[in-house]
Amino acid sequence: MVFDPYAPCPCGSGKKFKWCCQPIHVQIGRAFEQDAEGQHEAALRIMEEVALQHPGNPEVWGRQAQLLYENDQVDAAEAALQKSLDINPNYPFGYLLRGIFRKTEGELAGALLLFRKAAELYDPEAKDPLANVYALIGECELHLRRPLAARAAFQTSSRLHPTEELNKALTELFGDKSALPAAVRRSYTLMPLPASATPGERTAWERALSTATTGKLTDAAKAFQQLATEMPQEPAVWYNMGLIRTWLGENAAAIEAFDRYVSLEADEEKAAAAWNIAEVLRFGQGMEDQSDYVERSVLFQIRDPQRFFDFLNLWQREGFLYGVRFDQQQGTIAGIALDRSGLITAGAGAPQFPKLGAYLLVIGDMLRISNVNSDALDRVRQDIQERAGPSLSEAQLKRGPANFNDVVAEALVFPIGTTDEALVREKIREQVQLYFEEKWIHRPLRSLNQIPPIDAAGHPVLRKKLRGVVKFLRETLENIVEAYDFDRLLRKLGITEAAQAVSPSVDGEKPLAIDGMGAAELAELEPKALSDEQLDQAYRAAQKLDAHELAGRFAKAIVARPPRADRPDRFPWYSYLVQRSLFEGDTDAAMQYVDEGEKADCEQNEGRRRNDYELRRGQVCSKRGDAEGARDVFERLIERSPSELRYRGTAAEAMLSMKQGASALHFAEGGLAKAREQNDRDSEQYFMELVAAARKQTG
Ligand SMILES: [Zn+2]
C-alpha cells in the first residue's frame, strides 16, 4: 500500500494523508508486509494492537477488515467493517470493501450499489482509489449487461489513472474489432443548448454540462433534472438526461428520458439515433419486462450421467444436434439442438435447413438449454424430458436478458447435408427476409408501445422510434447477416427516403422490385401497366402487408384478364376474393365469385378445383343462413369424396353455426365413423367434440 502523502486521507476525514493517518499507516503497512510474507498470525496481531491504540479511527477498522478477509475470517471481517462504518457512515473505503465482499459472493447488483456509493463519497482528488472503484463499477455493469454504463466507468477509471491493461480491455471491448453492435461502440456526447435560449438558461446549462464532464455524473443528472422542470419543451435537456442516466446504468429511467426526447425532437434522424440507444438499454439486466427479446432458459441437474450421455449420443446420431463442441479439460459440452418442427429425419441426403431449437450447454452436472423463442425451447425441453427425463432433475425455468444477436434467433437456420456455401448464404438471407418482412413486421413491439411496425410507420412519434429500432437491427446484424438489405424492410414499412428515390417506374426500362415495395408504393401501381406476373407479385406483396383492399384490387384485375394456358388454376385469387367479400358482409358478391371461379375452372382447368369451389359454396350458403342450400352442397361434396374428413368437419361446423343441430349431428357422426375407420386419432377427437356440440344444440 503506497499512498500519495498529499492526497486526501483514505479515512475520509477530508485532511491530507500526510497530516492525518500517515503515522498509523506505518503500522498498518507493517501488518500487510508480514501477511505477504506468510506471517499471518503476526500480521493479525499487529492490526489488533493498532486498533487498540486508535479505536476511533475508521481506517484502522477498515484495514483490519481487509486483512481478516484476506485471511478467510469472513465473519470477523464483516464485524470490523461494520465498526468502521459505525464510526464514519461516510467512510468510502468501507463501501468499497463491502462491495468487494459482495462481488466475491457473486452478488453483483448489491456490489455495484456499494461501489457507486463509494465513488460518491471519495474526494475527487483521491484519484487512485477512485480509479479502482470505477474499474470495479465497469466490471459489474458489464456483467449486468449494461455495456454503455460499463464503458463510461472504464473511461472514467482510465482518465483518473491510465493503465495499459485497461486501455487494452477498452479497445477489445469497444474498438473496431468488437463484435458489439455499433450503437454500443459509438461514443456519445451531450447536446449543446440551442441558440434560442435565454442568458439565464445558458448559465444553468453550462454549469450542468461542466459538472457532467469534470465532476460526478450523479450531480450532472440532478442538474439536468432541474433544467427539465425549467424548460420541459427543450429536447436537448431530455437527451442529455437520457445519456447521463445511461452512463449511470439507470436503464429504465434513461429510456423514460429518451422517450420524452424522441417525442419532442423534430429531426427524425437524431430521434432515431436516441431510440437506437434505448434498444441497447432494453438488453440490460432487469429490463426483461420492457424488452422485445428475453432469453428463456431451462436448467436440469444431471443425476444419471451415463444414461444422459447415452441419450445425447443417440440424439446426435439422429441428427438433432448441430455443431457440438466437447471440451474435456473444462468438462463442458456446447452445441445447438435443432428445432424438430423443421426437420425431416427420414429424407436423409437432401440438404435441410432446420431452425434453432435451443442452445445447449453442459457444465459439470448441469444441463442448460436456452432460446429467446419459447415455443422452440419448449419443443426441445419436451423431447429431452420424454427421452432422458429419468436421468435428470426437475426442470427449472428462468428468464433473463437476451444477447444482442438474439434479434435474429427466430430466423436462424443450420445447414444439414450440404457444404455449398453459396446455397447456405442464400438460404440464410431468404429466411432473414421472410422473418422480418412477414413475421416481425406484424408483431406488436414493446419498443413501439405494443404497436406492430407496419402500423407504427403512420404515427408521427412511433415512426421516429421505428426508424431507431430498424437502425438497431441493421447495425446489430451487419456482421452476421450481411446479405440482407434492410432498405427493403424500410421500403416495406414506407419510411425511408430511399422509398421515394426508387419510386416505381412503369415504363419497362428498369425491372420493378414489386415484392420489396411498401403499401404506399403498391397503391401507386397501375394494374393496367403491369404484366400478369407483376400483378400477381403485387397481389402477394399487398397480402403479406395486410393491405387487403389493395390485394383485392390486384386479385380482381388478375381474374379479369384472359385465361393463360401456363396458369390454368385461378382458385387462390378467387378464393381470396370470396373471403374478402364474406369479410365485408357481401354474400352476393362472394357467391358470384364462387360461380365465376368454378366456371373458369371447368373451362380452363378440367374442373380440378371443383371440390374446393363447392366447399366455398357451402360456406357462403351457411353465411347467408341458407341451411337447405348448404346441406345440399355438403352432401354432394361428401358423396363425391367420402374419405375426405375435412369436408365432413367443415359441414358440421357450418351447420352448428346456423344452429342446425340435427344436420350438424348427422355430419359429425359420419365424420366420426370415418375417422375411426381410418384410425385417425386426432380427427376422432375432433369429431367427438363436434358430436357433443351438436347434441347440445338438439337438446
Ligand atoms: Zn485519516
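Atoms within each ligand, like the ligands themselves, are counted from 1 in listed order. All values reported here derive from a predicted model rather than from experimental measurement.
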### Message
What I want to find out is whether E475 reaches K471 closely enough, with some N-O distance under 4.0 Å, to be called a salt bridge.
### Response
yes
### Message
Tell me whether K464 is salt-bridged to E268, with the criterion being a basic N under 4.0 Å from an acidic carboxylate O.
### Response
no
### Query
Under the 6.0 Å and 45° cation-pi test, does K117 pair with Y95?
yes
### Query
If you draw the axis of the six-membered ring of F404, does the NZ or CZ of R145 fall within 45° of it and under 6.0 Å from the ring centre?
no
### Task
Mind checking side chain to side chain donor-acceptor pair (under 3.5 Å) for N90 and listing every partner two or more places apart, or none if nothing turns up?
none
### Task
Take the Zn ion (ligand 1) and tell me which protein N, O or S atoms are nearer than 2.8 Å.
C9 SG, C11 SG, C20 SG, C21 SG
### Task
May I ask you to check whether Y91 and Y122 place their ring centres under 6.0 Å from each other?
no
